[in-house]
Amino acid sequence: MRDGATSGALLDWYDIHARDMPWRVSPADRAAGVRPDPYRVWLSEVMLQQTTVAAVRDYFARFTALWPTVGDLAAAEDGRVMAEWAGLGYYARARNLLKCARAVVRDHGGVFPDTREALMSLPGIGPYTASAISAIAFDRAETVVDGNVERVMARLHDVHTPLPAAKPELTALAALHTPEARPGDYAQAVMDLGATICTPRSPACGICPWRDPCAARAEGTAPELPKKTPKKQKPVRHGVVFIGRSRDGAWLMERRPESGLLGGTLGWPGTAWVAVSEEVPEAIPPAEAEWRLLPAEALHTFTHFHLRLSIMVAEGLPASGGETASATLRPGAQGWVPRGDFRPSDMPTVMRKAFDLARSAMDNDA
DNA sequence: CAAGCGTGGGT
DNA sequence: TACCCAAGCTT
């Protein structure tokens with residue numbers, strides 16, 4: 001069953017109000033037959049997973065400049081891709097991005113498959129992203145369900161079941177509205193609606209193209225939907241990192257193991273991170289030196305815990321074993337990264353915070 | 001299948 | 001300040 005009236009009203013709104021994004025083909029261009037590049041659609045959708053449009057823009061521009069095609073990306077060095085992703089978060093996305101690019105080259109001749117099922121089998125592409133690529137890049141009538149769509153459907157149909165339990169019901173409702181005509185524009189239109197009109201707080205119901213059919217607006221319940229099950233509070237963990245510099249200005253760094261928190265990213269050697277109620281593990285320095293403890297800690301919040309990171313610094317160390325380009329550092333390995341190759345922006349934010357504090361302390365010595 | 005997995009911006 | 005939230009996927 002399809003609902004042409006509601007989708008039509010939304011598409012009319014989208015023709016006028018579609019937001020301009022670097023990876024998007026405007027409704028007018030799309031009507032003229034222009035199709036988006038599946039590579040750019042895929043890259044943008046992966047970057048946009050749990051991430052705001054504002055945060056993605058610059059990363060998308062850098063990635064497409066460095067690697068214009070999926071073949072270019074597939075041929076890139078792992079460490080280069082991890083460095084470019086640094087700061088965007090959820091680093092499994094970057095690891096899966098490379099796996100996916102290489103699978104597209106190896107198994108699909110460098111051409112993205114155009115069905116939801118085939119897309120779903122690729123690393124890092126789940127139900128949402130498979131539908132989004134299929135609809136947006138290939139104009140297939142797949143139903144796209146992200147956080148925006150869940151919120152819009154919960155309000156349009158006044159669903160009070162809390163998420164995530166309500167997800168199947170909201171997905172079914174979303175499918176009823178998905179049109180056969182212009183499914184790609186429609187998918188982007190619902191998400192634009194959720195991002196600009198049907199917002200989590202203070203929805204602008206007065207100017208909504210769906211104000212008439214919206215059940216929650218009629219009931220006055222829109223601002224309180226969707227209901228969500230309460231989340232647990234975050235515990236605090238504590239750890240120590242060592243930031244060491246050689247006589248030649250090289251930095252002693254490590255690449256974290258492939259799996260787990262910050263997997264595959266560049267950072268500083270240190271202890272495990274444990275609950276404050278536990279004993280911080282013996283801080284065994286990664287090199288012989290006179291390490292001194294900084295008076296300030298790096299504070300950072302991850303998805304499921306707060307971190308307080310103590311920082312030890314030392315300078316003038318001998319770079320025993322020679323220097324190593326950061327991008328070639330293997331997961332689990334440590335090495336001296338030469339001064340000219342070191343960029344703080346290659347590290348995840350928590351490690352950059354620790355470095356900023358260390359640099360201030362070192363500069364103060366000079 | 002509940003939990004693990006980042007970060008920056010808004011209120 | 002301390003939440004809440006964002007175009008989710010994997011295990």
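We use all heavy atoms of the structure for the numbers below, so side chains are in, but hydrogens, waters and symmetry mates are not. In the text below, chain A, chain B and the rest are named by the order of the sequence lines, each starting its count at 1.
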Nucleotide nearest A/P348 when distance is taken to its side chain, options C/dG8, B/dT7, B/dG8: B/dT7

Phosphate contact (C/dT10 OP1 or OP2) by A/R93 side-chain N/O below 4.0 Å: no

Touch class at under 4.0 angstrom, heavy-atom based, for A/R95 against every strand present: nothing

Residue A/Q49, side-chain atoms from C-beta onward, closest of C/dC9, B/dG6, B/dA3: C/dC9

Whole angstrom value for the distance that separates P of C/dT10 from CD1 of A/I125: 9 Å

Phosphate contact (C/dC5 OP1 or OP2) by A/T52 side-chain N/O below 4.0 Å: no

Value in whole Å for how far the C1' atom of C/dC3 lies from NZ of A/K228: 13 Å

Ring-ring centroid check A/H157 A/H177, cutoff 6.0 Å: yes

Between NE2 on residue A/H300 and NZ on residue A/K353, distance to nearest 0.5 Å: 5.0 Å

Rounded P spacing from B/dG8 to C/dC9 in Å: 22 Å

A/W23 vs A/L122, nearer the 5' end of DNA chain C by closest nucleotide: A/W23

Which nucleotide in C/dA6, B/dG6, C/dG8 has an atom nearest any side-chain atom of A/T129: C/dG8

Ring centres under 6.0 angstrom apart (A/Y59, A/W85): no

Nearest-nucleotide pick for A/N96, side chain only, options being C/dT10, B/dC5, C/dC5: C/dT10

Listed nucleotide nearest any side-chain atom of A/F302, set B/dT7, B/dA3, C/dT10: B/dT7

Distance, rounded to the nearest Å, where A/D58 contributes CG and B/dG9 contributes P: 11 Å

N/O (side chain, A/H304) to phosphate O (OP1/OP2, B/dG4) under 4.0 Å: no

From C/dA6, B/dA3, B/dT7, nucleotide with atom closest to A/K232 side chain: B/dA3

Selection from B/dT7, B/dC5, C/dC4 that lies nearest to any side-chain heavy atom of A/Y90: B/dC5

Contact nearer the 5' end of DNA chain B, comparing A/H300 with A/R201: A/H300

Gap between atoms CE and P, on A/M82 and B/dG6 respectively (whole Å): 9 Å

Length of the line joining A/M191:CE and C/dA6:P, which is rounded to integer Å: 13 Å

A/G124 backbone acceptor or donor facing A/R93 side chain under 3.5 Å: no

Sugar-phosphate only, base, or nothing, as touched by A/P164 at under 4.0 Å among non-hydrogen atoms: nothing

Sugar-phosphate, base or nothing in reach of A/G263, heavy atoms under 4.0 Å: nothing

Polar side-chain contact A/T303-B/dG4 base: donor and acceptor under 3.5 Å: no

Sugar-phosphate, base or nothing in reach of A/L262, heavy atoms under 4.0 Å: sugar-phosphate

Backbone of A/G264 reached by a side-chain donor or acceptor of A/R255 within 3.5 Å: yes

Touch class at under 4.0 angstrom, heavy-atom based, for A/S44 against every strand present: nothing

Integer-rounded Å distance: B/dT7 P and A/F305 CZ: 10 Å

Contact nearer the 5' end of DNA chain C, comparing A/V145 with A/Q233: A/Q233

Between B/dC1 and B/dC5 - C1' atom distance, rounded Å: 16 Å

A/F63/A/Y39 aromatic ring centres below 6.0 Å: no

Sugar-phosphate only, base, or nothing, as touched by A/M120 at under 4.0 Å among non-hydrogen atoms: nothing

Polar pair under 3.5 Å, donor/acceptor by atom type, side chain A/T51, base B/dG6: yes

Sugar-phosphate only, base, or nothing, as touched by A/R19 at under 4.0 Å among non-hydrogen atoms: base

Value in whole Å for how far the P atom of C/dC9 lies from CD of A/E45: 10 Å

Distance flag, aromatic centroids of A/F112 and A/W42, threshold under 6.0 Å: yes

Euclidean distance, atom CG of residue A/L299 to atom P of C/dT1 [Å, nearest integer]: 11 Å

